[in-house]
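Predicted model, so just to flag it, every value in this text is computed and none were measured. Counting starts at 1 for both ligands and their atoms, following the listed order.
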Amino acid sequence: MMLSVRGLTVSYGPIGAVHGIDLEIGAGEIVALIGANGAGKTTTVKAIAGLLPFGGSVTLDGTPLRPGAAERNLRAGIALVPEGRGILGRMTVEENLLMGTYCRTDRRAAAADLAGMYDRFPILADRRAGLASLLSGGEQQMLAIARALLSRPRLLLLDEPSLGLAPKMASFVFELVASLRADGLTVLLVEQKARHTLKIADRAYLLELGRVVTSGPARALADDPVISQTFLGGRPLAAEAPSGG
Ligand SMILES: Nc1ncnc2c1ncn2[C@@H]1O[C@H](COP(=O)(O)OP(=O)(O)OP(=O)(O)O)[C@@H](O)[C@H]1O
Ligand SMILES: [Mg+2]
């Protein structure tokens with residue numbers, strides 16, 4: 001496994017948010033993390049990215065990751081596209097993209113990657129000198145993903161990339177994520193749009209109140225009664241009676 005998470009616990013002060021999550025991601029997989037608001041999805045990916053203190057263990061290719069070592073994790077190949085995208089609106093599109101390369105020492109290759117990103121996302125090339133805040137929501141998500149890719153990650157953590165996007169743009173983002181696998185990337189995809197997510201993911205974990213309640217192949221989970229009744233039917237999981245464990 002590329003990433004192994006064992007017994008992950010995260011608290012905000014005295015309040016526990018993640019209560020012992022086990023999760024594995026194999027090289028080349030798209031693994032989905034789905035669950036309702038407050039389930040602990042963001043907390044889990046932030047802990048993996050090194051942005052939060054945690055208990056338990058997280059290993060990348062067998063090497064333990066230290067809690068809170070975000071920059072080290074980035075250099076080790078873990079990039080996060082945060083919830084809300086983390087675009088700096090008062091900076092230009094290009095300045096935002098260049099932030100993605102700051103941890104790299106191969107300046108030539110980084111410059112070539114930047115040019116390649118403009119080829120891949122022509123709209124970003126058109127807007128490169130404009131303020132990032134002037135991009136549409138979908139374009140900002142594209143920018144956030146492009147910026148993360150410019151660190152040349154092996155593992156990309158995406159936190160609700162389709163949130164707040166018009167359906168057409170959301171579909172574009174899902175297609176983009178699916179295409180990343182062809183580039184050899186490994187992806188942990190946090191989403192609330194379970195139906196669409198399970199179509200592009202290989203495997204998925206369903207979180208509820210900081211715990212994994214169901215996991216398995218994405219195709220099987222799409223048929224799982226727990227998921228189809230409580231999640232894919234449109235009712236949030238949190239509105240359901242607790243399953244009792
Ligand atoms: N900075 C914080 N301080 C205190 N509690 C927090 C903080 N961030 C999250 N929490 C709590 O931790 C729990 C998990 O939150 P988290 O943001 O990880 O959930 P999520 O699954 O990402 O939800 P959403 O779908 O709304 O993004 C929630 O109970 C939340 O209220
Ligand atoms: Mg979240």
Side-chain angles (χ1 to χ4, degrees), residues 3 5-25 30-58 65 67-70 73 78-87 137-138 140-141 144-145 147-148 155-167 169-170 173-174 177 187-198 200-201 203-215 218 221 224 226-227 230-243 245:
L3 189 85
V5 173
R6 293 250 182 278
L8 182 75
T9 58
V10 185
S11 299
Y12 295 101
I15 316 268
V18 164
H19 309 280
I21 284 178
D22 295 334
L23 184 152
E24 308 232 290
I25 307 176
I30 297 178
V31 172
L33 201 53
I34 55 180
N37 291 116
K41 306 181 298 295
T42 295
T43 302
T44 300
V45 292
K46 280 173 94 172
I48 293 169
L51 294 167
L52 290 173
F54 62 79
S57 78
V58 180
L65 301 179
N73 289 4
I78 300 179
L80 170 68
V81 178
E83 193 173 62
R85 304 170 193 129
I87 292 302
Q140 286 188 16
Q141 189 61 56
I145 292 173
R147 181 182 57 189
L155 173 63
L156 187 63
L157 312 172
L158 293 164
D159 196 349
E160 300 213 40
S162 79
L163 190 68
L165 300 186
M169 201 62 220
V173 166
F174 278 109
V177 173
V187 177
L188 180 60
L189 174 61
V190 168
E191 266 296 338
Q192 286 203 42
K193 292 189 180 67
R195 196 184 298 276
H196 214 145
T197 302
L198 292 175
I200 65 161
R203 292 186 303 110
Y205 294 80
L206 174 64
L207 293 193
E208 200 176 330
L209 300 174
R211 289 188 172 83
V212 175
V213 289
T214 314
S215 66
L221 282 196
D224 185 299
V226 176
I227 291 190
T230 62
F231 206 77
L232 300 181
R235 280 175 296 152
L237 271 176
E240 294 289 314
S243 64

Just list the N/O pairs, ligand 1 to protein, that are under 3.5 Å apart, with the distance for each.
{"from": "ligand 1", "atom 1": "18 (O)", "to": "T43", "atom 2": "N", "distance (Å)": "2.9"}
{"from": "ligand 1", "atom 1": "18 (O)", "to": "T43", "atom 2": "OG1", "distance (Å)": "2.5"}
{"from": "ligand 1", "atom 1": "19 (O)", "to": "G40", "atom 2": "N", "distance (Å)": "3.2"}
{"from": "ligand 1", "atom 1": "21 (O)", "to": "A39", "atom 2": "N", "distance (Å)": "3.2"}
{"from": "ligand 1", "atom 1": "21 (O)", "to": "G40", "atom 2": "N", "distance (Å)": "2.9"}
{"from": "ligand 1", "atom 1": "21 (O)", "to": "K41", "atom 2": "N", "distance (Å)": "2.8"}
{"from": "ligand 1", "atom 1": "21 (O)", "to": "K41", "atom 2": "NZ", "distance (Å)": "2.8"}
{"from": "ligand 1", "atom 1": "22 (O)", "to": "T42", "atom 2": "N", "distance (Å)": "2.8"}
{"from": "ligand 1", "atom 1": "22 (O)", "to": "T42", "atom 2": "OG1", "distance (Å)": "2.8"}
{"from": "ligand 1", "atom 1": "23 (O)", "to": "G38", "atom 2": "N", "distance (Å)": "2.8"}
{"from": "ligand 1", "atom 1": "25 (O)", "to": "N37", "atom 2": "ND2", "distance (Å)": "3.4"}
{"from": "ligand 1", "atom 1": "25 (O)", "to": "K41", "atom 2": "NZ", "distance (Å)": "2.7"}
{"from": "ligand 1", "atom 1": "25 (O)", "to": "E160", "atom 2": "OE2", "distance (Å)": "3.0"}
{"from": "ligand 1", "atom 1": "25 (O)", "to": "Q192", "atom 2": "NE2", "distance (Å)": "2.9"}
{"from": "ligand 1", "atom 1": "26 (O)", "to": "N37", "atom 2": "ND2", "distance (Å)": "2.8"}
{"from": "ligand 1", "atom 1": "27 (O)", "to": "E83", "atom 2": "OE2", "distance (Å)": "2.5"}
{"from": "ligand 1", "atom 1": "27 (O)", "to": "E160", "atom 2": "OE2", "distance (Å)": "3.4"}

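Two residues are said to be in side-chain contact when any heavy atoms from C-beta on lie closer than 4.5 Å; V212 and D22 fail this criterion. Inter-residue side-chain proximity for E83 and K41 is flagged as unmet; no heavy-atom pair is nearer than 4.5 Å. Two residues are said to be in side-chain contact when any heavy atoms from C-beta on lie closer than 4.5 Å; V31 and L33 fail this criterion. Counting only heavy atoms from C-beta outward, the side chains of Y12 and L52 approach each other to under 4.5 Å.
With rounding to the nearest 0.5 angstrom, the CD1 atom of I34 is 12.5 Å from the OH atom of Y205. In this structure, OG1 in T214 is found 8.0 Å from CD in E208, a value given to the nearest 0.5 Å.
Within the sub-2.8 Å shell of the Mg ion (ligand 2), the protein contributes these N/O/S atoms: T42 OG1, E83 OE2.
In terms of the side chain to side chain contact (heavy atoms under 4.5 Å, CB included) criterion, residue partners of A204 (sequence neighbours excluded) are, by chain and number, A32, L198, L221. With sequence neighbours left out, the salt bridge (Lys or Arg N to Asp or Glu O under 4.0 Å) criterion links R6 to E24.
Judged purely by atom type and a 3.5 angstrom limit, D159 has no side-chain atom pairing as donor or acceptor with the backbone of V81.
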